[in-house]
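Predicted model, so just to flag it, every value in this text is computed and none were measured. Letters A, B, ... mirror the listed sequences (proteins, then strands); counts begin at 1.
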Amino acid sequence: MQYENEMKIEFMSKSQNEAFARVVVAAFVSQLDPTLEELSDIKTAVSEAVTNAVIHGYENGPGMIYLACRLEGNETYIEIQDKGKGIEDIKQAMEPLYTSKPELERSGMGFTVMETFMDVVEVRSIPGEGTTVYMMKRLHSV
Amino acid sequence: MQYENEMKIEFMSKSQNEAFARVVVAAFVSQLDPTLEELSDIKTAVSEAVTNAVIHGYENGPGMIYLACRLEGNETYIEIQDKGKGIEDIKQAMEPLYTSKPELERSGMGFTVMETFMDVVEVRSIPGEGTTVYMMKRLHSV
Amino acid sequence: MNVVCTMEKRNMIIKIQGEIDHHTSEALREKIDKAYERYNAKNIIFDFSEIPFMDSSGIGVIMGRYRNSSQKGGQVAIVHLQPQIERVFQLSGLYKIIHRYETIDEALKMLQ
Amino acid sequence: MNVVCTMEKRNMIIKIQGEIDHHTSEALREKIDKAYERYNAKNIIFDFSEIPFMDSSGIGVIMGRYRNSSQKGGQVAIVHLQPQIERVFQLSGLYKIIHRYETIDEALKMLQ
Ligand SMILES: Nc1ncnc2c1ncn2[C@@H]1O[C@H](COP(=O)(O)OP(=O)(O)O)[C@@H](O)[C@H]1O
Ligand SMILES: Nc1ncnc2c1ncn2[C@@H]1O[C@H](COP(=O)(O)OP(=O)(O)O)[C@@H](O)[C@H]1O
């Protein structure tokens with residue numbers, strides 16, 4: 001299937017690239033002329049998933065993060081992948097307030113934010129191989 | 001060699017992605033805290049190379065454009081690649097005012113702009129396979 | 001990110017200019033905790049007027065400061081929330097433990 | 001991108017708000033040429049005060065408009081150039097054929 005517009009980006013797992021990833025996705029999605037609220041929903045969800053790759057996937061060590069974004073009609077598809085540690089129990093990970101790193105003052109609300117701000121969130125993960133988060137948001141402004 | 005920060009992006013060859021590419025590179029390079037002038041030099045050079053891929057490489061048809069950016073010390077490396085038509089005579093192509101598309105009101109100044117605004121510009125191209133532009137700029141503000 | 005702490009009696013007012021995410025939250029936490037100790041503060045008022053973006057990392061930062069101030073019998077308040085951040089707050093349940101006011105003056109009046 | 005054309009006698013003043021690149025230049029060209037015909041304009045004054053970015057596509061646009069106005073015995077001028085764009089202009093040699101003024105009033109006074 002031919003998407004109307006598509007981009008893929010990979011960048012090093014460094015905390016300063018969290019803001020970079022938000023800007024990239026926002027600049028790309030802006031082509032659809034979303035509302036400020038829609039745009040900030042997407043930026044927040046991207047920030048959560050990229051942060052998880054940095055902190056949990058690669059545990060602040062080296063690694064690459066892969067982000068893809070596709071625009072199709074009024075739908076925005078975003079895929080964020082790391083080749084890090086992976087998640088043993090996805091159901092538990094997605095529970096509000098669950099975090100494996102309370103010592104880093106994580107709130108355990110990352111997945112809940114993604115699920116609230118996007119229309120679809122799907123997580124696939126293989127322990128030892130990595131994690132991919134698939135998200136979709138329908139823009140009502142388009 | 002391990003770069004201090006690195007990203008790679010690929011996006012469809014569409015004219016609306018010219019502005020997107022500029023924003024992406026500017027957001028990434030901003031980590032080095034460049035001056036406004038340095039940043040706008042880089043944005044302009046990126047705009048020229050991406051536009052060339054869209055107009056000349058893929059002749060406004062479908063295709064993917066590949067952009068890599070690496071930051072190392074005070075040096076910014078940028079690589080922009082298309083898998084399009086390629087350039088027969090690179091020396092001629094780089095001459096100021098030379099354009100193969102005067103009917104599109106191209107000025108033939110794209111490569112000259114890149115060479116003026118960046119410290120290094122290198123072009124490799126194979127007719128029928130595509131073109132890669134390598135650029136480097138040293139940031140004196142860093 | 002820029003952080004300015006000012007004291008009004010034992011109320012510490014923290015004005016942050018910039019985005020709060022995982023990258024910026026570490027430095028933010030450090031600055032706040034240092035000032036909180038040094039000034040022997042009790043309550044904390046976060047002025048959100050110049051924070052255009054915050055993700056769930058910010059929830060962690062505020063929860064952590066809430067814990068510190070609770071130990072001293074203090075409270076935490078926030079003022080001037082932007083709509084995007086308002087929604088992150090609502091989700092997090094932070095409103096159960098953290099007070100929200102329209103202005104700093106109002107917060108100062110209410111906090112004991 | 002927003003384009004506003006106003007006439008002062010046979011001088012057409014074009015105020016563009018937005019970035020000029022290959023993507024935006026096609027629509028820009030079309031709008032200018034249509035207005036130029038409709039108003040039977042002679043000279044063209046480009047107001048660059050709200051153009052934060054221009055690459056070499058903009059040179060092509062201005063050269064093309066220069067050609068059109070030359071045929072009617074007209075001239076082209078630019079006012080309020082930003083520094084980044086100033087440098088693209090310098091490179092292009094456009095200054096040899098296009099006049100640069102500080103203000104629209106000055107341009108109007110000089111163009112015949
Ligand atoms: N990319 C990932 N790789 C490995 N584990 C992850 C990843 N993303 C999330 N997790 C796990 O899921 C848990 C919950 O994530 P989340 O809801 O974002 O909260 P938080 O990041 O605050 O811990 C994390 O604590 C972590 O154990
Ligand atoms: N990516 C590319 N693929 C194929 N040909 C190219 C590419 N980039 C540049 N060229 C050739 O080099 C010429 C000069 O390019 P440039 O200096 O950027 O001027 P312009 O884009 O205005 O024509 C183009 O007209 C084209 O023939």
Original post:
How would you list, in number order, the residues of residues 97-106 of chain B that have a heavy atom less than 4.5 Å from chain D?
Top reply: B/Leu104, B/Glu105, B/Arg106
Original post:
Any residues in residues 81-92 of chain B near chain D, with a heavy-atom distance under 4.5 Å, and which are they?
Top reply: none
**OP:** For D/Gly60 and B/Ser107, work out which heavy atoms get closest and say how close.
**Re:** N-CB, 4.1 Å
Subject >> Shortest non-hydrogen contact between D/His23 and B/Glu18, atoms and distance >> reply: N-OE1, 3.0 Å
Would one find more than 12 heavy atoms of other residues, nucleotides or ligands at under 6.0 Å from atom [atom1] of [X]?
| X | atom1 | answer |
| --- | --- | --- |
| D/Met110 | CE | no |
| D/Gln17 | CD | yes |
| D/Glu8 | CD | no |
| D/Glu26 | CD | no |
| D/Lys72 | NZ | yes |

For the [atom1] atom of [X] and the [atom2] atom of [Y], what is their distance to the nearest 0.5 Å?
| X | Y | atom1 | atom2 | value |
| --- | --- | --- | --- | --- |
| D/Arg87 | B/Thr44 | CZ | OG1 | 8.0 Å |
| D/Thr24 | B/Gln16 | OG1 | CD | 12.0 Å |
| D/His22 | B/Ser47 | NE2 | OG | 10.5 Å |
| D/Ile59 | B/Met109 | CD1 | CE | 5.5 Å |

Which answer fits [X], side chain, backbone, both or neither, if we ask what part of it has an atom under 4.5 Å from a heavy atom of chain D?
| X | value |
| --- | --- |
| B/Asn52 | neither |
| B/Thr51 | side chain |
| B/Val50 | neither |
| B/Ala45 | neither |

**OP:** Test D/Asp55 against B/Val113 for side chain to side chain contact (heavy atoms under 4.5 Å, CB included), laying out the working first.
**Re:** CA-CA 8 Å; D/Asp55 66 17; B/Val113 167; 6.0 Å; no
Subject >> Region of D/Glu19 in contact with chain B, defined by heavy-atom distances below 4.5 Å >> reply: side chain
Original post:
Between D/Asp21 and B/Arg22, is there a side-chain N and carboxylate O pair less than 4.0 Å apart?
Top reply: yes
